[in-house]
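First comes the structure, then the notes that go with it.
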Amino acid sequence: MGAERYVLANFKMNKNLFEVKKWADEFLSLLYKGKKLSLKVGCAPTFIYIKALKEIVIGTGFLVGAQNMHFEEKGAFTGEVSPTQLKDIGVDFVIIGHSERRNIFGESDELISKKLLSALKHNILPVLCVGETKEEREKGETEKVLIKQISILSKIPDELKNQKIVIAYEPVWAIGTGIPATKDKIEKAVELIREEASKFIKDFSVLYGGSIDEKVAEEIKDICDGGLVGTASLDPQKFYKISQNFDV
Ligand code: PEP
């Protein structure tokens, strides 16, 4: 049996409450009208809209995620949100190590590793983002960077090793640029990620993220297990078409 397939939306810091609800209503109506998708679809809105989204999609199988979390359950961490708080409002998955968290907010592999272990411990599906910058690719360091980022999986203790993890290959130079990576580059990176991840864990899916549109989804549907979608996910019609194209 192949790996489970996912198409996940990352809204980043976009949309207000009204717009999140409208998006969910529109996406669900497309889902009910269209052909039944065999893959899992989900969305990570801003923290404060997670509960509203969950209330709309409850019972549909649609996954609701967070874009980040702290690794501790509680404490003096002003501005942070804990895994138990996310579980409390029904969060299914959490994006960990997004390049915007790594590069704008200075998150290290060490911190990302703590978050990953905490998500696993609290039964929240982690979506671990990995990917090289433009500079790293130009210096021929793509493989080295991916191997290092994936190596945090070695810290997973035996009792958590059988839990599912989603890994998203997100080359930083392709995110939000409108210029997706080519099929060839995605294929090579996804192969390497599968090889490296399988040294440490058994149950994982590898997605691609970086300026995905429906054309990209159609092109890469056989080489990865789905996609993490930023800009295009903001439009429910586009997100639905991308989901359909990844559905094999
Ligand atoms: C992302 O930020 O995870 C992403 C893939 O963004 P975009 O689709 O806009 O490149």
Side-chain angles (χ1 to χ4, degrees), residues 5-15 19-20 23 27 39-47 49-50 53 63-69 91-107 112 115-116 119 124-134 136-137 142 145-146 149-150 165-183 185-187 189-190 193 204-221 223-246:
R5 297 176 70 80
Y6 297 85
V7 176
L8 304 174
N10 173 13
F11 278 179
K12 312 191 184 196
M13 201 171 68
N14 292 300
K15 292 195 188 290
E19 290 164 343
V20 170
W23 183 96
F27 183 76
L39 47 71
K40 295 200 167 171
V41 283
C43 171
T46 317
F47 279 129
Y49 304 134
I50 290 174
L53 179 60
L63 305 176
V64 176
Q67 297 171 19
N68 182 27
M69 71 169 207
V91 160
D92 303 296
F93 71 93
V94 60
I95 300 173
I96 286 174
H98 190 279
S99 66
E100 285 149 21
R101 301 291 325 164
R102 291 178 191 260
N103 301 327
I104 305 173
F105 301 100
E107 292 196 7
I112 292 161
K115 292 183 180 197
L116 177 79
I124 303 173
L125 174 70
V127 178
L128 172 67
C129 299
V130 296
E132 79 288 359
T133 62
K134 187 166 180 275
E136 287 162 343
R137 176 161 286 270
T142 302
V145 170
L146 293 177
Q149 290 174 340
I150 292 291
I165 296 183
V166 174
I167 304 169
Y169 170 55
E170 294 216 312
V172 182
W173 46 272
I175 296 179
T177 59
I179 306 165
T182 55
K183 184 177 177 183
K185 288 194 173 87
I186 298 172
E187 192 162 21
V190 167
I193 290 167
F204 63 91
S205 305
V206 184
L207 316 185
Y208 167 73
S211 299
I212 293 184
D213 56 18
E214 51 179 302
K215 212 174 114 250
V216 176
E218 172 63 32
E219 209 186 354
I220 63 169
K221 66 177 185 223
I223 59 179
C224 56
D225 309 310
L228 181 56
V229 190
T231 314
S233 75
L234 297 173
D235 177 338
Q237 302 266 359
K238 285 188 186 163
F239 186 63
Y240 179 68
K241 280 190 190 142
I242 291 170
S243 314
Q244 265 193 326
N245 284 3
F246 267 121

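Residue indices begin at 1 and follow the sequence shown. Order of listing sets the numbers, starting from 1, for every ligand and every atom in it.
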Could you tell me, atom by atom, which parts of ligand 1 come under 4.0 Å of a heavy atom of [X]?
X    : result
G230 : 4 (C), 5 (C), 6 (O), 7 (P), 8 (O), 9 (O)
H98  : 1 (C), 2 (O), 3 (O)
T231 : 7 (P), 8 (O), 9 (O)
K12  : 1 (C), 2 (O), 6 (O)
G176 : 7 (P), 9 (O), 10 (O)
N10  : 1 (C), 2 (O), 3 (O)
A174 : 10 (O)

- Query: side-chain contact (heavy atoms from CB on, under 4.5 Å) between V41 and Y240: does it pass, once the steps are laid out?
  - Reply: CA-CA 9 Å; V41 283; Y240 179 68; over 6 Å; no
- Message: Are L63 and Y6 packed together at the side-chain level, in the sense that at least one heavy-atom pair is separated by less than 4.5 angstrom?
- Response: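 With C-beta onward as the side chain, the pair touches.
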- Task: Compare all side-chain heavy atoms of L228 with those of I95 and state whether any distance is below 4.5 angstrom.
- Result: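 Side-chain contact under 4.5 Å: yes.
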- Task: Report the C-alpha separation of V190 and I220 in whole Å, then their side-chain angles, then the decisive distance to 0.1 Å, and conclude whether the side-chain contact (heavy atoms from CB on, under 4.5 Å) test is met.
- Result: CA-CA 11 Å; V190 167; I220 63 169; over 6 Å; no
- Should the ring pair F11 and W23 be called parallel, tilted or perpendicular, given that the plane angle runs from 0 to 90° and is split at 30 and 60? perpendicular
- Query: Is the shortest N/O to N/O distance between I175 and ligand 1 below 3.5 Å?
  - Reply: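 Looking only at distances, the answer is no, because the N/O contact criterion of under 3.5 Å is not met.
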- Does any N/O atom on T177 come nearer than 3.5 Å to any N/O atom on ligand 1? no
- Message: Measuring from atom 3 (O) of ligand 1, which candidate in E170, E100, Q67 has the nearest non-hydrogen atom?
- Response: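 Answer by nearest heavy atom: E170.
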- Message: Can you tell me how far apart CD (Q149) and CD1 (I112) are? Round to the nearest 0.5 Å.
- Response: 7.5 Å
- Query: Should K15 and T46 be marked as a side-chain contact (heavy atoms from CB on, under 4.5 Å) after you check the CA-CA gap, both sets of side-chain angles, and the distance that decides it?
  - Reply: CA-CA 8 Å; K15 292 195 188 290; T46 317; over 6 Å; no
